[in-house]
Visitor: 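Below is a structure I'd like to ask you about.
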Amino acid sequence: FLNYALISNPYHAIPAEALRGVTFAAFWSTGTVFAHKISPPGMSATMLLFMNAIYGGLGQSLGAIIGGKLQSNIGTVKTFLYSALANFLFICFVTIYLGLRKDSNFRNPQQIVLPSTRNDQETIKQNL
């Protein structure tokens, strides 16, 4: 974001877009592996669907709406500067959080364990 705020020549966007390609590939592959590792048996595709829906549906939609409103109210350069600041603060927060929380699932992802179907059926029968 900072690069886009400081651009004076359109050709300066080329390195920024190349960097975005590399960082997006790293983000998406890491997210896919993490979603696969934490998914219950047989539900890997469902977890990937949720990941794609959150990123592509919710994230891009809200980003376009909020970014568009900011751009029309405060201008393009300030929007990119504030976005760069927000990203920096978020990275600082996540780094501090993961540093303080040594038992985080992000360091050692654990598979989500679903209750067994047999136990659920027995519980339903007991409650009736």
Side-chain angles (χ1 to χ4, degrees):
F1 290 118
L2 191 58
N3 188 24
Y4 286 113
L6 304 175
I7 277 181
S8 61
N9 183 337
Y11 289 114
H12 294 159
I14 293 172
E17 288 300 313
L19 180 63
R20 184 195 178 282
V22 171
T23 56
F24 181 79
F27 152 74
W28 197 255
S29 61
T30 303
T32 302
V33 169
F34 184 78
H36 179 72
K37 281 187 175 183
I38 67 168
S39 64
M43 295 194 66
S44 294
T46 304
M47 291 297 278
L48 293 176
L49 173 114
F50 282 131
M51 186 179 103
N52 196 17
I54 295 295
Y55 174 80
L58 185 65
Q60 289 180 342
S61 299
L62 285 177
I65 292 168
I66 294 169
K69 287 292 185 186
L70 282 173
Q71 193 173 11
S72 66
N73 290 335
I74 63 173
T76 303
V77 173
K78 284 185 179 178
T79 298
F80 280 114
L81 284 174
Y82 292 153
S83 298
L85 178 64
N87 279 343
F88 177 74
L89 293 174
F90 180 74
I91 289 170
C92 289
F93 171 76
V94 169
T95 303
I96 291 168
Y97 174 78
L98 291 177
L100 294 175
R101 187 148 183 245
K102 301 292 184 191
D103 62 337
S104 172
N105 254 1
F106 287 111
R107 293 181 188 278
N108 185 19
Q110 301 297 317
Q111 189 174 40
I112 297 171
V113 179
L114 295 175
S116 70
T117 307
R118 176 181 284 175
N119 289 340
D120 288 344
Q121 290 174 352
E122 289 174 7
T123 303
I124 292 170
K125 287 178 184 178
Q126 289 173 358
N127 290 334
L128 293 176

Visitor: Atom CG in L70, atom CZ in F80: separation rounded to 0.5 Å?
Guide: 11.0 Å
Visitor: Distance check, rounded to the nearest 0.5 Å: I54 atom CD1 versus L49 atom CG?
Guide: 10.0 Å
Visitor: Taking side chain to side chain contact (heavy atoms under 4.5 Å, CB included) as the test, write out the residues that go with Q71, two or more places apart.
Guide: T76, T79
Visitor: What is the minimum heavy-atom distance between G56 and Q60, and which atoms define it?
Guide: O-OE1, 3.4 Å
Visitor: Is it the case that one hydrophobic cluster holds both L85 and F90, taking links as side-chain heavy atoms less than 4.5 Å apart, direct or via other members?
Guide: no
Visitor: Apart from V33 itself, what residues make up its hydrophobic cluster when side-chain heavy atoms of I, L, V, M, F, W and Y under 4.5 Å apart count as a link, directly or indirectly?
Guide: none
Visitor: For residues H36 and L48, determine if any side-chain heavy atom of one lies less than 4.5 Å from a side-chain heavy atom of the other.
Guide: no
Visitor: For R20, is there any backbone N or O sitting under 3.5 Å from a side-chain donor or acceptor partner on T23?
Guide: yes
Visitor: Can you find a pair of side-chain heavy atoms, one from N3 and one from I7, that are under 4.5 Å apart?
Guide: yes
Visitor: Atom CG in N52, atom CH2 in W28: separation rounded to 0.5 Å?
Guide: 4.5 Å
Visitor: Are L89 and Y97 grouped together when hydrophobic residues (ILVMFWY) are joined by side-chain heavy atoms under 4.5 angstrom apart?
Guide: no
Visitor: Looking only at heavy atoms, what is the nearest atom pair of A35 and M47, with distance?
Guide: O-CB, 3.9 Å
Visitor: OH/Y82 to CG/N87 distance, rounded to the nearest 0.5 angstrom?
Guide: 15.0 Å
Visitor: So how far is it from S61 OG to Y55 OH, rounded to the nearest 0.5 Å?
Guide: 11.5 Å
Visitor: Looking at OG1 of T95 and CD1 of I91, how far apart are the two atoms once the value is rounded to the nearest 0.5 Å?
Guide: 7.0 Å
Visitor: When you measure from the side chain of S29 to the backbone N and O of A26, does any donor-acceptor pair fall under 3.5 Å?
Guide: yes
